[in-house]
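Take a look at the structure below.
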Amino acid sequence: MRKIVVASDSFKGCVSSKEIAKIAEIAIRKVFPACEIIKIPVADGGEGTVEAMVSAKNGHIVSCAVHGPLMQPVQAGYGILEDGKTAVIEMASASGLTLIPEEKRNPMITSSYGTGELIKDALSYGCRKFLIGIGGSATNDGGTGMLQALGYRFLDKSGKELGVGGQILKEIFTIDDSQVLPEVKMAEFIIACDVDNPFSGTNGAAHIYARQKGADGQMVLELDKGLQNFAAVIIRTKNLDVEKIAGAGAAGGIGGGFVAFLNARLKSGIEMVLENIDFKNIISGSDLIITGEGKLDKQTGRGKVPAGVLKVAQVKQIPVIAIGGWIEEVEELNKAGYLAVLSLMPYPVTLQQAMQRDFTLENIKRTLVQQFRIIQHFQL
């Protein structure tokens, strides 16, 4: 083994992508001490994306005071990559569901304003390319809050400026963009989106996602009507039908808001990450790639890190081994193209023990050492 790449997702709530790469390096060195090891922290556009991309591209984290989903002050962070022009943002850090106590969750009033403030802050540092993960949001405002932070004003029929939250959607009649930051129009936006929900309707943002954000049945209906109205206004003012854009309903409709007002592209999260770290060139000449996530099953092939890694590796004809704490559908995963799918559990354990950091890291090391010993034997 001359070159091995380690590119695993984090095991959520247990170990980070970076920690997995470090312990895998120790395992590889034990069997192949002279092997070149490339450690690439990766993520799928959700939690951990900023950390992974900042690590992979020698960037840094910027801390920023913004308004949370209930317009309360929160401290959020985002990444600026080594080129000084690319910002990586996780919407959840400023507008996430975890920022609100369960009893206060209400998508009629929650706003994506803080996400817009992160964009505004990055623009002030000279960033002109934005990679944004929109998972985990607390909002269903069609992205209006985010847009308001950038200077857009939403007006009702009487010309009165509206407030914030999903409640304003049904009242929007005209849009004033005269105060939008000029830098916004010079920026490129790529949005990590792995759902295909339309803007409104029975499969749209409100009906599918609003309940988990605190909405009751009546709120769902009102929010959906609001999104339909907002879509009609967008058609009238932008000559764009967001209802025909797959993924426009992502994160409470912010997917549609990004496309309609910021000319954004919606892209698979893992593809966005791998393309922007130049993964296909980094792995060139590798003998093997190690990837993984906490649970490997049929969902693994749908926008998850291992699937994205495998897709690129197959083009380069590089074998991929996947590791995971919980594994199902092994035959299906093998058919998908994984050389092997390895479970980390040495014996039956409780979920609590399985989630322990040190226990997991030791299991990763043990499993990989044993696998590499087999490979070494047949190379001799």
Within a radius of less than 6.0 Å around NZ of K316, do more than 12 heavy atoms belonging to other residues, nucleotides or ligands occur? yes
With a 4.5 Å cut-off on side-chain heavy atoms, are L262 and F130 touching? no
Strictly by modelled atom types, are S63 and Q75 linked by a side-chain donor-acceptor pair under 3.5 Å? yes
SB check K85 D83 (cutoff 4.0 Å): no
With the threshold set at 4.0 Å, does a side-chain nitrogen-carboxylate oxygen contact exist between E47 and K12? no
Does N281 CG have over 12 foreign heavy atoms under 6.0 Å away? yes
Do the side chains of R265 and F189 get nearer than 4.5 Å, heavy atoms only? no
Donor-acceptor list for residues 244-261 side chains, cut-off 3.5 Å, not counting sequence neighbours:
none

Taking the six-membered ring for Trp, are Y113 and H67 parallel (under 30°), tilted (30 to 60°) or perpendicular (over 60°)? perpendicular
Do T139 and K213 have a side chain donor and acceptor closer than 3.5 Å? no
How far apart are the C-alpha atoms of K39 and E25, what are their side-chain angles, what is the distance that settles it, and do they pass the salt bridge (Lys or Arg N to Asp or Glu O under 4.0 Å) test? CA-CA 8 Å; K39 304 190 297 292; E25 180 180 31; 3.2 Å; yes
Exercise: do S200 and E243 side chains pair donor with acceptor under 3.5 Å: yes
Roughly how far apart are C127 SG and L118 CG, rounded to 0.5 Å? 11.5 Å
Test side chain to side chain contact (heavy atoms under 4.5 Å, CB included), reference M272, set I277, I191, L131, D44, output is L131
Please confirm whether R236 makes a cation-pi placement over F173, using NZ or CZ under 6.0 Å from the six-membered ring centre and within 45° of the ring normal. yes
Side chains of I289 and I321, heavy atoms from C-beta outward: is any pair under 4.5 Å? no
Would you sort out whether M345 and F359 count as a side-chain contact (heavy atoms from CB on, under 4.5 Å), showing the intermediate values? CA-CA 10 Å; M345 290 301 104; F359 180 75; 4.2 Å; yes
More than 12 heavy atoms of other residues, nucleotides or ligands under 6.0 Å from NZ of K280: yes or no? no
Does atom NZ of K295 have more than 12 heavy-atom neighbours, drawn from other residues, nucleotides or ligands, at distances under 6.0 Å? yes
Close side-chain approach of S111 to M71, heavy-atom, < 4.5 Å: yes
Identified side chain to side chain contact (heavy atoms under 4.5 Å, CB included) partner of L223 from the options M108, Q228, Q218, K170: M108
More than 12 heavy atoms from other groups under 6.0 Å of CD on Q379: yes
Distance-only donor-acceptor pairs under 3.5 Å for side chains of residues 346-357, two or more places apart:
from : atom 1 : to   : atom 2 : distance (Å)
T350 : OG1    : Q353 : N      : 3.1
R357 : NE     : E19  : OE2    : 2.7
R357 : NH2    : E19  : OE2    : 3.1

Is there a side-chain contact between L344 and L342 (heavy atoms, below 4.5 Å)? no
Would S8 and E293 count as a side-chain contact (heavy atoms from CB on, under 4.5 Å) here? Give the steps. CA-CA 6 Å; S8 174; E293 63 178 346; 5.8 Å; no
Contacts of type ring pair (Phe, Tyr, Trp, His ring centres under 6.0 Å), residue Y338, not counting sequence neighbours: none
Side chain to side chain, I89 and V50, heavy atoms closer than 4.5 Å: no
Go through the side-chain N and O atoms of S10 and S16 and say whether any donor and acceptor fall under 3.5 Å apart. no
Is any NZ, NE, NH1 or NH2 atom of the basic residue among K120 and E183 found under 4.0 Å from an Asp or Glu carboxylate oxygen of the other? no
Side chain to side chain contact (heavy atoms under 4.5 Å, CB included) test vs K104 passes for just one of I109, L99, L70, namely L70
Verify whether one side chain among N263 and K185 offers a donor that lies under 3.5 Å from an acceptor in the other. no
Looking at K160 and E171, does any basic side-chain N land under 4.0 Å from a carboxylate oxygen? no
Could you check whether E275 pairs with K267 (Lys NZ or Arg NE/NH1/NH2 to Asp/Glu carboxylate O, under 4.0 Å)? yes
Is there a side-chain contact between T237 and T174 in this structure, where contact means two heavy atoms from C-beta onward sitting under 4.5 Å apart? no
Using a strict threshold of under 4.0 Å (side-chain N to carboxylate O), is an ion pair present between K3 and D287? no
Could you please spell out the steps behind the side-chain hydrogen bond (donor to acceptor under 3.5 Å, both in side chains) verdict for N276 and K129? CA-CA 11 Å; N276 283 278; K129 182 176 182 179; 2.8 Å; yes
Among I28, L288, I40, L368, which residue satisfies the side chain to side chain contact (heavy atoms under 4.5 Å, CB included) criterion with V6? I28
If only side-chain N and O atoms count, and only distance matters, is there a donor-acceptor pair under 3.5 Å linking S17 with D9? no
